Amino acid sequence: MKRLAILGASGHGKVVADLAELNGWGLIEFYDDAWPSVQFNNHWPVVGTFAHLQERTGEYEGILVAIGNNAVRHAKLVSLGALGAIIPTLVHPAACVSRYASIAPGTVVFAGAVVNAGAVVGSGCILNTSCSVDHDCTLSEAVHVSPGAHLAGGVAVGPLSWVGIGACVKQEIRIGAKVQVGAGAVVVCPIADNQVVIGIPAKPKAGNL
């Protein structure tokens, strides 16, 4: 029976665990720093903290980080990788991923998502429910494309950026690092690093990062 550890006993963690079962993982255990106060995430057991997981990496055929914060997720994945943890990629059976796309370890692709030919998706990304990543897009590490968000062809997204629910990005646009694109925004111009953009068309929000 393949054993999978998931760091992060959150709502996102539940969805990752459900996806893991659909990918054939037989035994799933959570780790979270809220342990021992938190003993279960839905029906999956929480068995220790991140420190415990670091000591037990060799006990699992795979380890995933299910933490929504992009920077924290990326840091934990790097730490676990340095310990020799095996970091899988999970793709929902109801997602459509081209065989000519590339998806790095630690990324999860949820139901209804589409990843088209030539797309390159970095490590630790979240391609959420019914989003689309069109041909020749490039997503750096720890990017989150939220439910129903759409990236047209040739879009580049920098590390640790977040494209909000229902947002759309015009073809060939570059989005920098640590960018937040607001819910329902329409991005038609390049976005520099460390920006928060909202609206139609998307414009910088006061109080950027």
Side-chain angles (χ1 to χ4, degrees), residues 1-95 97 102-113 115 121-129 131 139-147 157 159-165 177-178 180 209:
M1 180 181 294
K2 293 199 304 180
R3 301 184 67 196
L4 178 72
I6 300 176
L7 178 64
S10 61
H12 175 56
K14 293 177 187 177
V15 184
V16 172
D18 182 61
L19 174 55
E21 287 189 350
L22 292 171
N23 276 251
W25 292 91
L27 188 149
I28 298 169
E29 294 177 327
F30 276 94
Y31 289 80
D32 194 288
D33 285 346
W35 181 90
S37 296
V38 176
Q39 295 282 325
F40 287 92
N41 190 19
N42 203 26
H43 73 274
W44 295 283
V46 181
V47 298
T49 65
F50 180 53
H52 294 124
L53 177 58
Q54 290 175 297
E55 296 171 354
R56 300 171 185 168
T57 55
E59 299 177 16
Y60 296 94
E61 284 77 31
I63 298 177
L64 278 170
V65 179
I67 295 174
N69 183 290
N70 290 341
V72 174
R73 184 172 68 256
H74 176 63
K76 300 298 186 185
L77 276 171
V78 170
S79 295
L80 291 165
L83 293 172
I86 301 170
I87 311 295
T89 299
L90 297 183
V91 177
H92 196 285
V97 177
S102 172
I103 299 179
T107 288
V108 290
V109 183
F110 290 115
V115 183
V121 180
S123 61
C125 291
I126 301 171
L127 303 186
N128 224 317
T129 309
C131 74
L139 276 59
S140 297
E141 63 271 14
V143 168
H144 184 173
V145 183
S146 297
V157 184
L160 311 182
S161 287
W162 193 317
V163 181
I165 189 168
K178 299 181 182 179
Q180 295 182 25
L209 301 176

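Remember, it's a predicted structure, so these values are computed and weren't measured experimentally. Hydrogens, waters and symmetry mates play no part in the numbers below; they use all other heavy atoms, side chains included.
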For this session: Step by step, work out the side chain to side chain contact (heavy atoms under 4.5 Å, CB included) result for L77 and E141.
Result: CA-CA 10 Å; L77 276 171; E141 63 271 14; over 6 Å; no
For this session: May I ask you to decide if A104's main-chain N or O and T89's side chain share a donor-acceptor pair within less than 3.5 Å?
Result: yes
Exercise. Would you say E29's side chain and A5's backbone share a donor-acceptor pair under 3.5 angstrom?
Worked result: no
Exercise. What pair of heavy atoms forms the shortest contact from P88 to G62, and how long is it?
Worked result: CD-CA, 4.1 Å
Seminar exercise, completed: Of all heavy-atom pairs linking V46 and W35, the shortest is O-CD1, 3.3 Å
Exercise. Would you say S146's side chain and V163's backbone share a donor-acceptor pair under 3.5 angstrom?
Worked result: yes
Problem set entry | Passing candidate, side-chain contact (heavy atoms from CB on, under 4.5 Å) with V145, options L127, V157, N128 | L127
Exercise. Between F30 and G13, which heavy-atom pair has the shortest distance, and what is it?
Worked result: CZ-O, 3.3 Å
Problem set entry | Closest non-hydrogen atom pair between A66 and I6, with its separation | CB-CG2, 3.6 Å
Seminar exercise, completed: When every non-hydrogen atom of N42 is compared with those of K14, the smallest separation belongs to N-CE, 4.0 Å
For this session: Show your reasoning for whether side chain to side chain contact (heavy atoms under 4.5 Å, CB included) applies to E21 and I28.
Result: CA-CA 8 Å; E21 287 189 350; I28 298 169; 3.6 Å; yes
For this session: Determine whether V38 and D32 make a side-chain contact, defined as any pair of heavy atoms from C-beta on separated by less than 4.5 Å.
Result: no
Exercise. If you round to the nearest 0.5 Å, how far is CD of E59 from CG of L27?
Worked result: 11.0 Å
Seminar exercise, completed: Interatomic distance, CH2@W44 vs CG@L4, rounded to 0.5 Å, equals 11.0 Å
Exercise. Are the side chain of R73 and the backbone of G68 linked by a donor-acceptor contact shorter than 3.5 Å?
Worked result: yes
Problem set entry | Smallest separation among heavy atoms of I103 and V97, with atom names | CD1-CG1, 3.7 Å
Seminar exercise, completed: Output for pair (C125 SG, L160 CG), nearest 0.5 Å, gives 9.5 Å
Seminar exercise, completed: In this structure, CG of N70 is separated from NZ of K178 (nearest 0.5 Å) by 11.0 Å
Problem set entry | Donor-acceptor pair, side chain of H74 and main chain of A71, under 3.5 angstrom | no
For this session: Give the intermediate values and the outcome of side chain to side chain contact (heavy atoms under 4.5 Å, CB included) for residues T107 and V121.
Result: CA-CA 8 Å; T107 288; V121 180; 4.1 Å; yes
For this session: Might you work through the side chain to side chain contact (heavy atoms under 4.5 Å, CB included) test for L80 and F50, ending with a clear yes or no?
Result: CA-CA 10 Å; L80 291 165; F50 180 53; 3.9 Å; yes
Exercise. Could you give the distance from CD1 (I63) to CD1 (I87), rounded to the nearest 0.5 Å?
Worked result: 6.0 Å
Exercise. From D18 CG over to F110 CZ, what is the distance, rounded to the nearest 0.5 angstrom?
Worked result: 9.0 Å
